[in-house]
Amino acid sequence: MLQSSSTDTTTEQTKNDEINFERLVAPQAAPRKYKVVKFNLLTFGYGHLAALYGLYLACTVATWQTIIFHYIIYTLAFIGITAGAHRLWTHKAYKAKMPLQIILMVMNTFAFQNTVVHWVRDHRLHHKYSDTDADPHNATRGFFYSHVGWLLVRKHEEVKKRGKFIDMSDIYSNPVLMFQKKYAIPFIGTLCFLLPTVIPMYFFGETLNTAWHITILRYFCNLHGTFLVNSAAHLYGNKPYDISIKPSQNLLVSLIAFGEGFHNYHHVFPWDYRTAELGNNALNSTTWFIDFFAWLGWAYDLKTASDDLVQSRLKRTGDGNNTWGVKIL
Ligand code: ST9
Ligand code: ZN
Ligand code: ZN
């Protein structure tokens, strides 16, 4: 009894702390001094050089089996981010039965974008405080910062301060995600780097040099595809649903990022499992993936915004274009 009342007091105190924070209005970026993380600068620097060399090897000596193999891993990894970390775990836009959760967690591990736990925490904060200093990849700081620069410096204090109040209880009580967090280093090391290097050596006769550098190439292609959602889709494109926010509809990003570039729509209706309005699903391969598992019965409770809701929002706060940039209002 005593314990529960002290917990209540703490929760109350926590709520008050959050209410007392200064209101951040996007776009906002206060002057700041960056604390560069040298280790990340080195790993990203090495990774990009290795990926370029991997591209050269892919075009000259690699077998077509290795290229196809990596294209498959690339696709699985991307969908592990889009259908898994993003639509399922961050936004709870649909529910998934245990076998699908395990598949998605494995696919997500191929992508190595930290653990899902860290990914979700940052992404929930990104939606709550978009394009302000509490957004981990604040696009108000420009293309480079929102694309990759934010991973090369310590996070802004606002991120750490406000991040404490993000509700992560669903994630911490998920055994599949806790498993990934607990065994992150050996699991990511094996699935993202070791197996994709060893399999082409063993089955397709690649040398270690070729196999390793193509693995790095594939990994960095995955990363940059995702990063474009934070940079290009926050800076360039139309705003059919809300003209007052930075996230934009960017068709090129949608093509590259498996349907995740309809970002103006996504920030207005983040709980829609399609992250796009009806009609855009032709470019939305993540939605096909979820639809397939819904047909199988492993994905369910798919949430969508009704056409009426979408249309009324479009008329009320949009920029007068439809998603293809055609004037409609
Ligand atoms: C990678 C990036 O992993 C992956 C993110 C991708 C971006 C996703 C964007 C999504 C777009 C949406 C659509 C999907 C699109 C999909 C497209 C597909 C085609 N809340 O982080 P630390 C606190 S790159 C609350 O180290 P530093 C907390 O106490 C891959 N608290 O901050 C934490 O301790 P703990 C490789 C927070 O020291 C402590 O601070 N990965 C929050 O400032 C320290 O946290 C890398 O290279 C928060 N949000 O360092 C790693 N954040 O965790 C890159 C922090 O114990 N990252 N705290 O609770 C790092 O090295 C570091 O994070 C850092 C900052 C240097 C960037
Ligand atoms: Zn965004
Ligand atoms: Zn999102």
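All ligand and atom numbering here is 1-based and tracks the order in the structure. Nothing here was measured: the structure is a model prediction, and the numbers come from that model.
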Could you tell me which N, O or S atom of His266 is nearest to the Zn ion (ligand 3)? NE2
Look at [atom] and say whether a protein heavy atom is found at less than 4.0 angstrom from it.
{"atom": "atom 44 (C) of ligand 1", "result": "no"}
{"atom": "atom 39 (C) of ligand 1", "result": "no"}
{"atom": "atom 32 (O) of ligand 1", "result": "yes"}

His123, His91, His234 screened by ring-ring contact (aromatic ring centres under 6.0 Å, His included) with His267, the one that passes: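 Only one option passes, and that is His234.
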Which atoms of ligand 1 are found less than 4.0 Å from any heavy atom of Trp150? 5 (C), 7 (C), 67 (C)
Go through ligand 1 atom by atom and flag the ones less than 4.0 Å from a non-hydrogen atom of Thr82.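 In order of number, 16 (C), 17 (C), 18 (C).
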Closest non-hydrogen protein atom to atom 22 (P) of ligand 1, residue and atom name please, with distance?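 That would be Lys155 NZ, 4.1 Å.
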Have a look at [options] and point out the one with the heavy atom closest to [atom].
{"atom": "atom 25 (C) of ligand 1", "options": "Gly163, Ser254, Ala83", "result": "Gly163"}
{"atom": "atom 27 (P) of ligand 1", "options": "Lys160, His123, His156", "result": "Lys160"}
{"atom": "atom 36 (C) of ligand 1", "options": "Trp119, Tyr219, Phe44", "result": "Tyr219"}
{"atom": "atom 13 (C) of ligand 1", "options": "Lys35, Met168, His86", "result": "His86"}

Nearest to the Zn ion (ligand 2), which N, O or S atom of His267 do we find?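 Sorting the N, O and S atoms of His267 by distance to the Zn ion (ligand 2) puts NE2 first.
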Which bit of Ile81 gets closer than 4.0 Å to ligand 1, counting heavy atoms only: side chain, backbone, both or neither? side chain
Determine whether the side chain, the backbone, both or neither of Asn222 has a heavy atom under 4.0 Å from any heavy atom of ligand 1.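 For Asn222, no heavy atom sits under 4.0 Å from ligand 1.
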Looking only at distances, please establish whether an N/O atom of ligand 1 is found under 3.5 Å from an N/O atom of Lys164. no
Please check whether Glu260 reaches ligand 1 - meaning an N/O of the residue sits under 3.5 Å from an N/O of the ligand, judged on distance alone. no
Using a 3.5 Å distance criterion without hydrogens, assess whether the side chain of Arg87 forms a donor-acceptor pair with backbone atoms of Lys92.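 Such a contact is absent between Arg87 side chain and Lys92 backbone.
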Could you tell me whether the side chain of Asn238 and the main chain of Pro240 form a donor-acceptor pair under 3.5 Å? no
Determine, for Tyr34 and Arg154, whether the Lys NZ or Arg CZ falls below 6.0 Å from the six-membered ring centre while staying within 45 degrees of the axis. no
Answer yes or no: is there an ion pair linking Arg162 with Glu158, defined by an N-O contact shorter than 4.0 Å? yes
Counting backbone and side-chain atoms alike, does His126 have an N/O/S atom under 2.8 Å from the Zn ion (ligand 2)?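 Looking at His126, which is the residue asked about, there is an N, O or S atom under 2.8 Å from the Zn ion (ligand 2).
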Check whether more than 12 heavy atoms from other residues, nucleotides or ligands sit under 6.0 Å from atom OH of Tyr71, and answer yes or no. no
